Amino acid sequence: MTTSERMKMAAGEWYTCIDDELETLRVAARDAVFEHNGLPPRRRGNIAPALRALLGGAGEGARIEAPFHCAYGFNLFLGDGVFLNAACTILDTAPVRIGKGSLLGPNVQIYCAEHHREASGRLAGLEIARPVTIGDNAWIGGSAVTLAGVSIGEGAIVGAGAVVTRDVPANTTVVGNPARGVAPR
């Protein structure tokens with residue numbers, strides 16, 4: 001039985017990102033993102049129509065400021081009242097779920113893809129996709145980076161510029177590279 005690269009990606013298996021079907025999906029995402037980023041704010045609304053149609057889900061009042069970038073869009077799920085500030089990049093090769101009321105600062109980056117550790121695997125375009133989950137009412141500071149497979153708990157705060165390499169428990173504040181917990185004030 002032949003399994004497509006898209007099916008492997010969705011199953012969390014190693015897949016080849018250099019693939020015609022995946023490229024077609026990325027082109028569709030780039031077109032929707034281009035529309036979103038190019039429309040005047042009053043015409044765009046909270047999320048431009050083509051991008052909203054592409055997303056896996058967008059709750060009431062969810063807003064994405066321009067510019068914005070995503071790899072596929074269909075793996076991105078935004079809860080009610082989610083706010084993504086300008087220049088967020090979400091490489092959604094796996095599901096990215098952002099809980100209601102969560103705020104992402106400018107230039108926040110979320111990466112679901114991990115490349116192969118061996119050069120030959122990277123040259124072959126091998127990746128594995130791991131989901132990212134951000135709980136309700138979290139705050140992700142500007143220029144923070146969240147890596148593949150990470151969960152950020154409800155009410156957590158990720159400081160500006162932090163690199164999140166491990167799960168963040170609910171109601172915890174993390175800062176730094178790699179991100180580490182800090183004592184409450």
Side-chain angles (χ1 to χ4, degrees), residues 9-10 12 25 28-29 32-33 35-37 39 41-113 129-176 178-182 184-185:
M9 182 177 80
L25 294 168
V33 164
E35 177 198 71
H36 178 82
N37 292 338
L39 282 173
R42 287 189 181 130
R43 285 193 45 220
R44 178 178 61 236
N46 284 344
I47 304 172
L51 182 57
R52 182 176 290 280
L54 185 69
L55 296 179
E60 187 176 329
R63 180 177 183 85
I64 300 175
E65 288 291 340
F68 171 74
H69 178 76
C70 63
Y72 294 99
F74 57 78
N75 276 327
L76 180 55
F77 302 86
L78 308 176
D80 293 345
V82 166
F83 179 77
L84 277 60
N85 211 325
C88 286
T89 297
I90 300 177
L91 302 183
D92 60 323
T93 54
V96 174
R97 298 182 187 284
I98 302 174
K100 67 181 179 184
S102 289
L103 308 173
L104 278 64
N107 298 304
V108 166
Q109 300 166 60
I110 298 173
Y111 307 144
C112 292
R130 303 197 191 283
V132 170
T133 302
I134 299 173
D136 295 347
N137 303 308
W139 176 22
I140 314 300
S143 297
V145 176
T146 300
L147 299 183
V150 169
S151 291
I152 297 172
E154 181 176 342
I157 298 171
V158 175
V163 178
V164 184
T165 61
R166 295 187 173 98
D167 290 352
V168 177
N171 302 307
T172 301
T173 299
V174 297
V175 298
R180 304 261 189 240
V182 296
R185 291 185 194 188

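Position 1 is the first residue of the sequence, and the numbers go up from there. Because the structure is a prediction, the values reported are computed rather than measured.
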Nearest-0.5 Å distance that lies between atom [atom1] in [X] and atom [atom2] in [Y]:
X: N75; Y: L25; atom1: CG; atom2: CG; value: 10.0 Å
X: N46; Y: H36; atom1: CG; atom2: NE2; value: 9.0 Å
X: R63; Y: N85; atom1: CZ; atom2: CG; value: 9.5 Å
X: I98; Y: C88; atom1: CD1; atom2: SG; value: 8.0 Å

So do the side chains of [X] and [Y] get within less than 4.5 Å of each other, counting heavy atoms only?
X: V158; Y: V108; result: no
X: L84; Y: I90; result: yes
X: E154; Y: K100; result: no
X: E65; Y: R44; result: yes
X: C112; Y: V96; result: yes

When you measure from the side chain of [X] to the backbone of [Y], do you find a donor-acceptor pair of N or O atoms at a distance under 3.5 Å?
X: N107; Y: G142; result: no
X: D92; Y: A71; result: yes
X: H69; Y: T89; result: no

Sequence neighbours excluded, which residues qualify as ring-ring contact (aromatic ring centres under 6.0 Å, His included) partners of F68?
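In terms of ring-ring contact (aromatic ring centres under 6.0 Å, His included), with neighbours along the sequence ignored, F68 is linked to no residue.
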How far apart are the C-alpha atoms of I47 and L78, what are their side-chain angles, what is the distance that settles it, and do they pass the side chain to side chain contact (heavy atoms under 4.5 Å, CB included) test?
CA-CA 11 Å; I47 304 172; L78 308 176; 4.3 Å; yes
What's the shortest heavy-atom distance between [X] and [Y], and which atoms?
X: L51; Y: C70; value: CD1-SG, 4.4 Å
X: N37; Y: P67; value: OD1-CA, 3.2 Å
X: G159; Y: A144; value: O-CB, 4.0 Å
X: A28; Y: L54; value: O-CD2, 4.4 Å
X: A94; Y: R130; value: CB-C, 3.4 Å
X: A48; Y: L39; value: CB-CD1, 3.9 Å

Result of checking V164, L147, T165 against P178 for side chain to side chain contact (heavy atoms under 4.5 Å, CB included):
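Of the listed residues V164, L147, T165, the side chain to side chain contact (heavy atoms under 4.5 Å, CB included) partner of P178 is T165.
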Passing candidate, side chain to side chain contact (heavy atoms under 4.5 Å, CB included) with I110, options L91, V145, I134:
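In the set L91, V145, I134, the residue that makes a side chain to side chain contact (heavy atoms under 4.5 Å, CB included) with I110 is I134.
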